[in-house]
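Computed over heavy atoms, backbone and side chain alike; hydrogens, waters and symmetry mates excluded. First listed ligand is number 1; within each ligand, the first listed atom is number 1.
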Amino acid sequence: MADNHPATLFSPYKMGKFSLSHRVVLAPMTRCRALNGIPRPALAEYYAQRSTPGGFLITEGTLISPTAPGFPHVPGIYSEEQVEAWRSVVDAVHAKGSIIFCQLWHVGRASHPVYQPGAAPPISSTNKPISSRWRILLPDQSYGVYPQPRPLDASEIPQIVDHYRQSAINAIRAGFDGIEIHGAHGYLIDQFLKDGINDRTDDYGGPISNRCRFLMQVLKAVVSAIGAERVAVRISPAIDHLDAMDSDPLRLGLAVVERINNLQQELGKRLTYLHVTQPRYTAYGQTESGRPGSEEEEAQLMRTLRNAYEGTFMASGGFTRELGMEAVAHGDADLVSYGRLFISNPDLVERLKLNAPLTKYNRKTFYTQDPVKGYTDYPFLSGTNEPISRL
Ligand SMILES: Cc1cc2nc3c(=O)[nH]c(=O)nc-3n(C[C@H](O)[C@H](O)[C@H](O)COP(=O)(O)O)c2cc1C
């Protein structure tokens, strides 16, 4: 920049081919309002409420196949009906001037026979279940124990990779501007990455290069289908959500970054961004998550990955207005994604800009199915929650 003013959350940013007018991103968040896996009009309203001209939104984790779910009423992007239904959501967001990426999700072992075709055990890298420290939300809103998963045979992996590829194509067909691969928070891809889970002895387990193999195969398949400039990756090397521990999170994070950098060099193109969850994040409103580490260690991990990655870096996890401003001003992040604050403040961008008071979120309605309550009824500063009239 020609002047001495550091960037702020409200400075424009060129994210690959997309011109953003600010750096406040809607983090991907599961909200369980897509009844029977179909995005309903409530989703269009929810995302439109959080759209701003030149803003950037990432959808909730969106299922790549019938074996992918581990929460009730999560949307998919593998059937024609789902693709068609997403189109209205994307159109509503585009009409408000935002860019929107679809987050592609498979939960792996973080599922239950109740969510699986034929009540089968969920699939994973391993046959080790998630410990009883964690509970799974069941369709009747009660909590259950995670069951024993079935480890995927190596011969089955190409088919799963293909589900990601086909879902990415479907997302573009639905009008999305791109996709984010969910490689974080203890779900299927993370179950391959982390040595605290992955106990395989084949080409997908053991050394770090083998543990990165599944992610890289997914990434390459998706990039060859829709182009690197429409693809992003999310990782959380230092988050132990759902027992996703690694003995050396920094080394793992750097290994992923190095492989993405190499791929970018081979292609002569960059991904849209790399999204990393900061360990200080207290996950999902119930259980303390994140590796115990000092703030300094956490900042160091994020900074090291940021400096190593050749491209746009998005940080997430426990950001307030002040922390977001600092991260951008110090160059620790190009973009900051906000989760829980964006649930309860549909006009978060405006509120942060004005330094206006924020509405508190209600955890009890994070994963309920009511299309309005705790979903689209959080107030706007202007005193209305009618997004259409606020254009
Ligand atoms: C209700 C809820 C659902 C979430 N669902 C997802 C998800 O589907 N995919 C994902 O990558 N992260 C998910 N997250 C994590 C958020 O993207 C974000 O990283 C996290 O909330 C930390 O940011 P915050 O402190 O600003 O809330 C979820 C978080 C919450 C609170």
Inset, instruction - May I ask you to check if ligand 1 and Phe319 share an N or O to N or O distance below 3.5 Å? - result: no
Legend entry - From Asn127 atom CG to Leu152 atom CG, the distance as rounded to the nearest 0.5 Å: 12.0 Å
Legend entry - Note: Arg303-Asp332 ion pair, threshold 4.0 Å (strictly below): yes
Inset, instruction - Answer yes when Arg306 and Asp334 have at least one side-chain N-carboxylate O distance shorter than 4.0 Å, and no when they do not. - result: yes
Legend entry - Polar atom proximity, Gln103 to ligand 1 (N or O, under 3.5 Å): yes
Legend entry - Short N or O distance, Thr30 and ligand 1, threshold 3.5 Å exclusive: yes
Legend entry - Side chain, backbone, both or neither: the part of Phe366 lying under 4.0 Å from ligand 1 by heavy atom: side chain
Legend entry - Connected via hydrophobic side-chain network under 4.5 Å: Phe214 and Leu274: yes
Inset, instruction - Identify whether the distance between the nearest side-chain nitrogen and carboxylate oxygen of Glu45 and Arg50 falls below 4.0 Å. - result: no
Inset, instruction - Mind running side chain to side chain donor-acceptor pair (under 3.5 Å) on His275 and Ser337 for me, showing each step along the way? - result: CA-CA 9 Å; His275 191 178; Ser337 79; 3.0 Å; yes
Inset, instruction - List every atom of ligand 1 that sits less than 4.0 Å from any heavy atom of Arg340, numbering the atoms from 1 in the order shown and giving each element. - result: 24 (P), 25 (O), 26 (O), 27 (O), 31 (C)
Inset, instruction - Name all residues meeting the side chain to side chain donor-acceptor pair (under 3.5 Å) criterion together with Asn355; count only those two or more places apart in sequence or in a different chain, and write none if there are none. - result: none
Legend entry - Contact atoms of ligand 1, heavy-atom distance to Tyr338 under 4.0 Å: 26 (O)
Legend entry - ligand 1 atoms in contact with Gly318 (distance to a heavy atom under 4.0 Å): 23 (O), 24 (P), 25 (O)
Inset, instruction - Using ring-ring contact (aromatic ring centres under 6.0 Å, His included) as the criterion, point out the one residue from Tyr338, Phe366, Phe342 that pairs with Tyr361. - result: Phe366
Inset, instruction - Give a yes/no on ligand 1: does Ala184 have at least one heavy atom closer than 4.0 angstrom to it? - result: no
Inset, instruction - Determine, considering heavy atoms only, which of Arg234, Arg31, Met29 sits nearest to atom 10 (C) of ligand 1. - result: Arg234
Legend entry - Geometric N/O contact His182 with ligand 1, under 3.5 angstrom: yes
Legend entry - Any N/O pair Trp105/ligand 1 closer than 3.5 Å: no
Inset, instruction - Quick one: which residue pairs count as a salt bridge (Lys or Arg N to Asp or Glu O under 4.0 Å) with a foot in residues 76-95, not counting sequence neighbours? - result: Glu80-Arg173, Glu84-Arg87
Inset, instruction - With heavy atoms only and a cut-off of under 4.0 Å, state how Pro28 meets ligand 1: side chain, backbone, both or neither. - result: both
Legend entry - Heteroatom distance test (Gly61, ligand 1): nitrogen or oxygen, under 3.5 angstrom: yes
Inset, instruction - Any atoms of ligand 1 less than 4.0 Å from a non-hydrogen atom of Ser316? List them with their elements. - result: 18 (C), 19 (O), 23 (O)
Legend entry - Tyr367 touching ligand 1 at heavy-atom level, < 4.0 angstrom: yes
Inset, instruction - Show which atoms of ligand 1 fall inside a sub-4.0 Å distance from at least one heavy-atom site of Ala27. - result: 17 (O)
Legend entry - Arg211/Asp203 salt bridge by N-O under 4.0 Å criterion: no
